[in-house]
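Below, chain A is the first sequence line, B the second, and so on; all start at residue 1.
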Number of protein chains: 2
Amino acid sequence: MPSIKDVARAAGVSTATVSRVLADKPYVSPEMRRRVLEAVERLGYRPNLVARGLRAQQTNTIGLLVSDIRNPYFTDVSRAVEDLAYEHGFTLFLGNTDENPQKEALYLQSMRDHNVAGLIFSPTRHASEHFTKLNLTIPTVVIDRAVREGDVDMVLIDNIEAAYRLTNHLLEQGYTRLVGLFGETSVTGRERQRGFEKALREHNLAPLQMRFLPPYIQAGYEATRALLQAQPPPDAILATNSLLLAGALKAIREAGFPIPEAIGLAGFDETTWTPLVDPPLTVIAQPTYEIGRMAMRMLLERLENPDLPYRQVILKGQLLVRRSTQRRPGV
Amino acid sequence: MPSIKDVARAAGVSTATVSRVLADKPYVSPEMRRRVLEAVERLGYRPNLVARGLRAQQTNTIGLLVSDIRNPYFTDVSRAVEDLAYEHGFTLFLGNTDENPQKEALYLQSMRDHNVAGLIFSPTRHASEHFTKLNLTIPTVVIDRAVREGDVDMVLIDNIEAAYRLTNHLLEQGYTRLVGLFGETSVTGRERQRGFEKALREHNLAPLQMRFLPPYIQAGYEATRALLQAQPPPDAILATNSLLLAGALKAIREAGFPIPEAIGLAGFDETTWTPLVDPPLTVIAQPTYEIGRMAMRMLLERLENPDLPYRQVILKGQLLVRRSTQRRPGV
DNA sequence: GTGAAAGCGCTAACAT
DNA sequence: ATGTTAGCGCTTTCAC
């Protein structure tokens with residue numbers, strides 16, 4: 001790998017001139033520019049980004065910390081983030097925290113140690129509740145989970161409202177014995193629970209059951225299996241992420257309850273399969289790509305202008321009504 | 001951010017001693033070690049990885065280049081890679097190439113510029129056919145797509161065999177007018193086509209149609225829609241990745257052909273939804289997590305020992321027979 | 001055992 | 001307009 005010195009020697013100029021040419025700085029004669037570019041070309045020179053990062057005390061990397069990239073929500077978000085990062089010459093560090101505060105802390109350390117320019121970050125419940133204690137000096141945009149205190153940019157959806165809307169839809173369809181499955185590890189789960197309860201309360205109903213679960217299909221499956229044993233069983237299940245939803249569907253299927261007649265099923269997150277399963281599922285679709293794009297855009301703006309006031313962007317989920325909750329198709 | 005100098009000053013030693021202590025080098029007196037560690041603790045010192053990377057001419061990062069992280073195959077692989085990377089103190093750079101040789105080339109450049117220690121890489125068809133011309137000096141493990149020439153470690157599945165097995169299964173079920181949907185942009189698509197044709201030939205049949213498509217649901221959907229118009233229509237469709245498969249399912253559904261009676265549907269890649277859709281889909285399940293883990297393990301071994309002979313690991317896909325191809329449930 | 005000093009590749013302040 | 005040089009933070013000779 002040739003260094004800037006090699007280029008300077010080959011072009012018969014100083015390294016400073018090479019640097020100037022490459023940075024498109026003014027005050028370089030056309031002749032010098034030509035000679036430098038020729039040498040760069042001939043040697044196949046590429047600037048060493050590690051050296052540049054050290055010197056500039058600033059790298060062109062950004063860190064993306066999510067709980068699990070396999071969660072379709074984060075898969076989509078990460079794609080959006082990466083797209084925009086790529087367009088702007090940033091490279092993406094990816095880390096899965098597994099909703100584990102310790103792993104999360106290690107990754108935050110690592111991102112700092114790597115001197116990333118910025119961070120897009122979906123904090124665990126623990127981190128979102130003690131955000132200021134994290135002492136993040138890196139420009140950060142928080143996604144998906146609201147942070148109580150602390151100055152940060154955030155991109156969120158209105159979880160309470162979305163869960164409220166979804167629950168109301170179930171109630172309008174005549175379901176009354178509702179069960180809620182929530183993520184236990186993020187504040188998002190709590191918020192969706194609030195919307196769920198609010199809708200029920202307004203109808204003078206109480207939840208039949210509520211479960212806070214880790215974000216795995218298996219967890220949704222096992223919880224649902226158990227819940228279906230109750231006498232009388234629930235007549236509707238609301239699962240607040242795509243993993244719990246998939247698990248719930250599997251359990252209801254196996255138990256032989258017809259959907260939507262005996263039991264209604266609704267959840268969060270539009271994925272490839274929600275319209276394709278049997279029956280197609282009613283969900284709140286989050287604008288995942290837009291969330292990722294917005295987060296990255298806000299980060300870029302903050303890098304450009306650190307004094308910007310902190311902003312909190314709240315996007316709305318979209319209710320997609322499908323057969324899994326259509327108990328009254330005629331109504 | 002305190003630097004090693006600050007630690008040295010605080011501990012009353014030289015930076016060399018601090019470095020030695022942190023690297024757990026021998027020949028440091030217990031007293032010095034104690035003082036250094038105390039100062040490190042007190043100042044909250046963290047080594048700057050950018051500086052270390054420059055000095056060592058070696059970073060603790062690895063690059064993962066895939067066509068699209070949203071493809072469930074790559075989502076799973078990336079999770080496995082990240083797990084193992086994390087366990088070994090490596091941080092992951094992620095890039096989507098979109099099957100675009102130019103974007104791919106830029107990313108390969110970028111990875112080199114960042115001086116990554118190693119690369120896990122799913123080449124476009126173009127790159128896999130001209131692999132030596134890529135002139136990769138970084139230790140690399142190629143996944144998913146075989147590379148013709150060139151010394152590289154690879155982790156693959158036997159695509160010809162898998163497609164052959166899947167096609168035979170369709171033929172055994174009595175389907176005869178088979179259509180194949182293949183990825184156009186990777187060599188994987190070609191290989192699966194070979195297995196498809198081989199099975200047909202052995203039954204003295206010819207494919208009704210074959211289509212090479214970009215890896216998008218929409219592409220699978222549109223192609224299938226068109227294919228179903230034929231007179232007589234196909235009686236089975238084989239889609240060689242999960243995106244084309246989802247598109248095909250959607251089109252068949254809309255056209256109102258009952259699966260598996262009027263038309264059989266089979267494909268590649270087990271995902272959350274393949275067992276949950278209506279009807280559940282027969283697929284070749286690739287051991288995605290194992291592929292990612294193996295790739296990363298091979299990379300770590302090569303970093304440890306660059307003189308290792310190059311290895312090609314071929315894993316077998318697993319045929320999961322479900323209702324979508326069960327035309328003869330009794331047989 | 002410990003410290004002084006060079007140097008990884010780059011940029012920017014300063015000198016000319 | 002161009003060159004000289006210091007220094008980003010670290011590790012590793014080399015000298016003592």
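Counting heavy-atom neighbours within 6.0 Å of Glu87(B) CD, excluding the residue itself, gives a total above 12. Counting non-hydrogen atoms of other residues, nucleotides and ligands closer than 6.0 Å to CD of Glu149(B) gives a total above 12.
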Give the C-alpha distance, both sets of side-chain angles, the deciding distance and a yes or no for side-chain hydrogen bond (donor to acceptor under 3.5 Å, both in side chains) between Asp144(B) and Tyr73(B). CA-CA 10 Å; Asp144(B) 191 47; Tyr73(B) 173 84; 3.2 Å; yes
Working for side-chain contact (heavy atoms from CB on, under 4.5 Å), residues Leu92(A) and Thr61(A): CA-CA 6 Å; Leu92(A) 197 66; Thr61(A) 60; over 6 Å; no
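One N or O donor and one acceptor, one from the side chain of Arg20(B) and one from the base of dG3(C), sit under 3.5 Å apart.
Val13(B) comes within contact range of the sugar-phosphate backbone alone, with a heavy-atom separation under 4.0 Å but no base atom that close.
The side chain of Arg52(A) sits closest to dC10(C) out of dA12(C), dC10(C), dC10(D). Among the nucleotides dA12(C), dC10(D), dT12(D), the one closest to the side chain of Ala16(B) is dT12(D). Of the candidate nucleotides dC10(C), dT2(D), dG9(D), dT2(D) has the atom lying nearest to any side-chain atom of Met32(A).
Listed pair Lys25(B) / dT12(D) meets the phosphate criterion, a side-chain N or O lying under 4.0 Å from OP1 or OP2. Proximity of Gln57(B) to the phosphate of dG9(C): a side-chain N or O atom is located under 4.0 Å from OP1 or OP2. The side chain of Tyr27(A) places no N or O atom within less than 4.0 Å of a non-bridging phosphate oxygen (OP1 or OP2) of dT16(C). Within the structure, every side-chain polar atom (N or O) of Lys5(A) is placed at least 4.0 Å from both OP1 and OP2 of dC10(C). In this structure, Thr15(B) does not reach the dT11(D) phosphate: none of its side-chain N or O atoms is under 4.0 Å from OP1 or OP2.
Atom C1' of nucleotide dG3(C) and atom CZ of Arg9(B) are separated by 16 Å, given to the nearest angstrom. Residue Gln58(A) contributes atom CD, which lies 13 Å from atom C1' of dC8(D) at whole-angstrom precision. Taking atom CG on Asp6(B) and atom P on dG9(D), their separation rounds to 8 Å, with Å as the unit. Arg46(B) places its CZ atom 15 Å from the C1' atom of dC10(D), with the value rounded to the nearest Å. Regarding Leu22(A), its CG atom lies at a distance of 13 Å from the C1' atom of dG9(C), rounded to whole Å. Summarising the geometry, the separation between CG on Asn48(A) and P on dG7(C) is reported as 18 Å, rounded to the nearest angstrom. One interatomic measurement links the two molecules: CZ of Arg55(A) to P of dC10(D), which rounds to 16 Å at whole-angstrom precision. Rounded to whole angstrom, the span from the CD atom of Glu31(A) across to the P atom of dA1(D) amounts to 14 Å.
Atoms OG and CZ, from Ser186(A) and Arg125(A) in turn, are 8.0 Å apart once rounded to the nearest 0.5 Å. Here the CG-OG distance, from Leu65(A) to Ser122(A), works out to 9.0 Å after rounding to the nearest 0.5 Å.
Between Ser29(B) and Ser19(A), the residue whose closest nucleotide on DNA chain C is further toward the 5' end is Ser29(B). The residue among Ala51(B) and Ser14(A) whose nearest nucleotide of DNA chain D lies closer to the 5′ end is Ser14(A). Mapping Gly12(B) and Pro2(A) onto DNA chain C by nearest heavy atom places Gly12(B) closer to the 5' end of the strand.
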